[in-house]
Amino acid sequence: MVKYILKRIGFLLLTLFLVASITFFLMKLLPGTPFNNPKIPAAQQAILAKQYGLDLPLWQQYVNYMVGIVHGNFGESYQFAGQTVSYLISTRIGPSLQLGVQAMIVGTLLGILLGAIAAIRKNTWVDAVATIFAIIGRSIPNFVFAALLQFWLAYKMNLFPIALWDGFSSSILPTLALAMAPLANTARFMRTEMVDVLNSDYIELAKSKGESQWQVVAKHAMRNSMIPIVTIIGPMAVDLMLGSLVVENVFAIPGIGQQFVQSITTNDYPVIMGLTILYSVMLTVVILVVDVLYGIIDPRIRLSGEGN
Amino acid sequence: MKKTYGVKIAAAATVAVALLSACSGNKSSSTGSTGAKTTWSRMEGDIISTMDPSLITDAISGQAATDTMAGLYRYDGSDLQPDLATAVVKPTNSGKTYTFKIRNAKWSNGDAITANDFVFGWRRTVDPATKSQYAYLYSGIENADAIMAGKKKASTLGIKAVNKSTVEVTLEHAIPYFETMLVNPAFFPQSEKAVDQYGSKYGTQSKYLVFSGPYKLVGWNGTNNSWKETKNDSYWDKKNVHIDQINVTAIKDPSTAYNLFKSGKLDDASLTGDQAAQAKSDPSYQGVKQASTFYLEMNEKKIPAFKNTKIRQAISMTINREEYIKKVLQDGSIVAPNLTPSGLATDPATKKDFSAEAAKTGSQYTKYNPKEATKLWTEGLKEAGLKDLNIELLTDDGENSKKTGEYLQNTFEKNLPGLKVSISTVPFKTRLARSTAGQFDMVMGGWSADFPDPITFLDLFTSNNSYNRGKWSNAEYDKLIDESKTTYANNAEKRWDVLLQAQELLTKEQGVIPIYQRVQAHLVKQGKISGLKTTPGGAYDFVGATVKK
């Protein structure tokens with residue numbers, strides 16, 4: 001197991017190196033310069049480019065950049081003069097992480113519940129309602145939910161703050177808006193898997209031993225139906241934690257989602273790289289964790305893993 | 001970057017004359033002497049980028065600088081008023097030397113503001129190591145170009161402290177609009193002590209700054225979405241600062257801004273798009289004119305037919321600007337009869353608006369007249385020896401660009417027989433790059449004032465200006481612009497006359513086709529604030545404004 005994890009960490013580093021390299025060169029293909037003010041005269045543009053080292057040959061910029069990353073120096077933002085990328089990300093990632101985690105918890109728990117109920121009551125009206133709910137959650141984009149929640153629950157009924165980041169109550173509506181997609185996804189996977197599991201032999205066996213239906217579901221069916229959910233939870237969590245541009249905009253949340261998109265439109269190279277690397281680290285680590293979790297949920301995987 | 005496009009090209013909102021009074025009349029509200037704090041809650045569409053005066057280029061940081069920092073002068077309405085200088089001075093030495101007396105004023109940390117702070121700040125801005133994007137405004141001050149190019153030391157810049165309270169500035173040649181540039185933060189004094197003390201952190205958070213203006217910036221950590229401005233008791237003119245605190249929040253979504261305003265969380269919301277259209281019928285609606293004009297550039301290098309004046313006039317006269325603004329923009333923007341926007345500058349003798357005066361002649365060339373347009377077009381095509389013309393209209397992915405493209409395509413093809421317009425849509429930055437490289441037939445461009453003088457617009461279309469992307473060229477026009485800078489550099493009224501003539505010529509020739517002047521839609525809480533003035537760039541001047549509790 002230790003050897004397996006070490007090997008995976010090796011791959012993780014290789015992946016990060018490739019991601020950083022590819023992003024670096026793709027980013028340089030973006031049109032425009034970090035100095036998007038069209039009024040800066042050409043001579044002044046050249047002076048600025050020189051000051052920022054952007055006049056160096058591409059390979060040299062690449063080497064400088066990679067050396068910086070290895071030393072943990074991601075550089076300074078162009079857009080926010082004087083702010084280091086690490087500071088920019090660290091001051092704005094908090095709200096995004098909080099919302100991501102909350103949305104993940106709310107979404108997956110409700111999703112699992114909804115999926116399980118739908119499976120147990122298969123082909124009844126309960127199942128139909130749950131399915132429709134899941135389809136709606138899957139197909140309507142979260143910013144529509146965000147706008148609707150804001151208008152009805154906050155503006156019309158005055159139950160929650162309309163926007164702004166001020167205490168837990170202001171995180172409820174954005175959490176709900178963000179939770180719709182994971183809720184729908186989880187519910188869909190859960191239902192499919194649970195229907196399979198409920199038809200399997202060991203469930204029949206458990207029933208024949210005289211366990212009640214709820215006992216069967218809680219003890220046997222739930223756990224075995226979770227495996228595919230664990231697979232999707234990882235990437236979904238990373239997506240959520242790195243912020244949603246639109247939901248953050250609707251609720252005026254000082255998160256990282258805006259930075260992500262804005263850094264690209266403004267050619268803020270160091271910020272693009274910093275965020276891409278952060279995203280890759282989170283994603284690869286989560287995938288590693290998911291692989292380890294498989295073993296805990298499903299002993300068969302653990303055994304074969306040890307066998308290697 | 002759609003909606004901030006305007007902000008970007010309006011990077012100069014920080015300079016600026018104020019002329020629109022947001023709330024006219026001085027209602028007799030008290031100045032808040034009875035204890036409770038008076039506050040005003042407003043919003044911006046994005047967060048502050050930097051508060052280092054040398055590095056500020058965007059309108060949002062510029063507004064915060066206008067509120068918290070002082071320069072030599074400050075605009076009050078359309079009047080240039082002394083701020084840290086004791087008087088608005090006349091240059092000597094044929095317009096090449098300015099001597100400013102600095103008044104007895106203090107930084108927010110209690111230190112005196114001295115002539116040295118100006119010398120230090122100016123040298124710092126123009127030093128290439130500072131990486132200022134606005135350093136080019138210094139061009140014309142002695143040695144500035146050489147310093148920017150790294151050929152001379154920053155200490156050779158034409159500014160010196162004669163004594164503690166006297167600054168002398170030397171120019172290479174007379175710059176008639178020099179005084180108007182001094183309201184830009186790039187020309188503000190900077191405390192050497194603060195810059196040394198905070199090092200690379202200077203200007204990146206409110207705690208790494210000292211303030212010289214009416215307010216102090218509070219609670220800005222460099223990246224957050226909300227900040228406060230509280231009255232600066234060290235400001236020399238604090239008796240005219242009546243609002244104790246200004247709360248600012250960055251809100252990107254216009255419908256959120258609308259909802260917050262309607263629920264009383266904001267006193268002033270700025271709106272775009274659908275919300276702006278919706279707000280227009282609201283009694284709280286106010287349009288704030290921006291010093292930005294949007295216009296069609298025609299590439300005479302690529303499409304020789306555009307060299308024909310009648311063809312250019314015909315294209316202009318086939319555009320129903322009122323309808324376009326009403327149906328496509330919907331934000332309360334106004335028709336631009338000239339390149340120079342209205343409200344930018346006033347006649348030194350009569351105080352009449354430049355754009356309005358210029359529009360007296362030649363406005364028929366920007367009026368919708370499809371019949372005349374068709375006639376001119378047919379004649380023009382004949383003169384150019386053409387039967388038909390195919391052009392590509394370059395647009396970007398901005399908010400209104402697509403609709404604008406379709407509207408123009410429709411209108412052109414309807415009234416101008418033989419004209420075929422295809423639309424090419426590219427990302428905003430690609431559009432800028434192509435405009436600069438001259439890779440377009442026709443493109444909608446825009447410009448915002450760097451300083452409140454018509455030359456900031458008129459200079460663009462001289463033959464050799466790099467922003468004259470369509471390469472329209474007119475010897476008489478070049479001569480008039482040149483005269484305004486040389487022969488009449490020290491004669492305000494004569495200079496005004498030649499600039500007017502140049503504007504009229506440009507309009508008559510339609511060397512560039514002006515379409516509209518941007519107006520920013522606002523919802524402002526009724527009856528709460530009075531005496532608030534705004535600059536054409538959209539910046540507010542809170543000095544002198546009062547709010548009710």
Side-chain angles (χ1 to χ4, degrees), chain A residues 30-33 35-48 50-52 76-84 87-92 95 143 146-147 150-151 154-156 158 161-166 245-246 248-255 258-259 261-262 264-267, chain B residues 1 4 8-9 11-12 43 46-50 52 55-58 128-136 139 145 148-150 200-204 221-226 249-253 255-257 259-260 262-263 265 426-430 432-433 435-436 445 447-448 450 466-467:
Chain A
L30 282 172
T33 72
F35 320 113
N36 275 320
N37 179 353
K39 296 181 160 187
I40 303 173
Q44 187 79 14
Q45 288 258 11
I47 293 166
L48 285 167
K50 195 171 166 211
Q51 287 294 331
Y52 280 103
E76 279 185 14
S77 164
Y78 293 120
Q79 199 190 346
F80 299 97
Q83 307 286 13
T84 62
Y87 181 78
L88 196 65
I89 293 177
S90 64
T91 48
R92 287 188 74 97
F143 60 87
Q150 184 188 60
F151 185 74
Y155 181 63
K156 283 279 178 198
N158 214 359
I162 291 175
L164 311 182
W165 189 247
D166 188 20
L245 169 80
V246 194
E248 284 180 5
N249 275 358
V250 168
F251 292 103
I253 290 157
Q258 300 180 1
Q259 254 57 41
V261 175
Q262 211 156 308
I264 294 171
T265 55
T266 56
N267 289 46
Chain B
M1 234 45 278
T4 50
K8 243 188 276 168
I9 72 131
M43 60 165 276
D46 208 334
I47 63 178
I48 295 175
S49 310
T50 177
D52 180 338
L55 303 182
I56 292 172
T57 53
D58 65 294
T130 309
K131 303 175 195 161
S132 166
Q133 297 193 23
Y134 246 154
Y136 70 87
S139 186
D145 289 326
M148 284 185 264
S200 63
K201 289 197 159 83
Y202 173 68
T204 60
N221 76 2
T223 66
N224 48 352
N225 274 18
S226 56
T249 314
I251 296 163
K252 292 198 166 188
D253 188 285
S255 79
T256 302
N259 289 342
L260 284 170
K262 282 292 174 185
S263 62
K265 295 270 190 283
V426 297
F428 171 74
K429 283 183 297 183
T430 310
L432 277 188
S435 296
T436 309
W447 190 261
S448 292
D450 276 329
S466 59
Y467 298 102

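Naming convention: chains lettered A, B, ... in sequence-line order (proteins, then strands); numbering from 1 in each chain.
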With only heavy atoms counted, which part of B:Ser132 is less than 4.5 Å from chain A, the side chain, the backbone, both or neither? backbone
Does the side chain of B:Thr256 come under 3.5 Å of the side chain of A:Gln150 through a donor N or O and an acceptor N or O? yes
Please find the pair of heavy atoms, one from B:Ile56 and one from B:Tyr134, that lie closest to each other, and give the distance. O-CD1, 3.4 Å
List the residues meeting side chain to side chain donor-acceptor pair (under 3.5 Å) with B:Thr204, not counting sequence neighbours, and say none if there are none. none
Between B:Asn259, B:Thr50, B:Thr436, the one whose heavy-atom pairs under 4.5 Å with chain A are most numerous: B:Asn259
Set of residues satisfying side chain to side chain donor-acceptor pair (under 3.5 Å) with respect to A:Tyr155, sequence neighbours excluded: none
Taking A:Thr84, A:Val250, A:Ile253 one by one, which has the highest count of heavy-atom pairs under 4.5 Å against chain B? A:Val250
Can the ring centroids of A:Phe251 and A:Trp165 be said to lie less than 6.0 angstrom from one another? no
Among B:Gly222, B:Ala149, B:Ser435, B:Ser255, which residue has the highest count of heavy-atom pairs closer than 4.5 Å to chain A? B:Gly222
Where on B:Asn224 is there a heavy atom nearer than 4.5 Å to chain A: the side chain, the backbone, both, or neither? backbone
Given that the side chain runs from C-beta out, which part of A:Leu164 has a heavy atom under 4.5 Å from chain B: side chain, backbone, both or neither? side chain
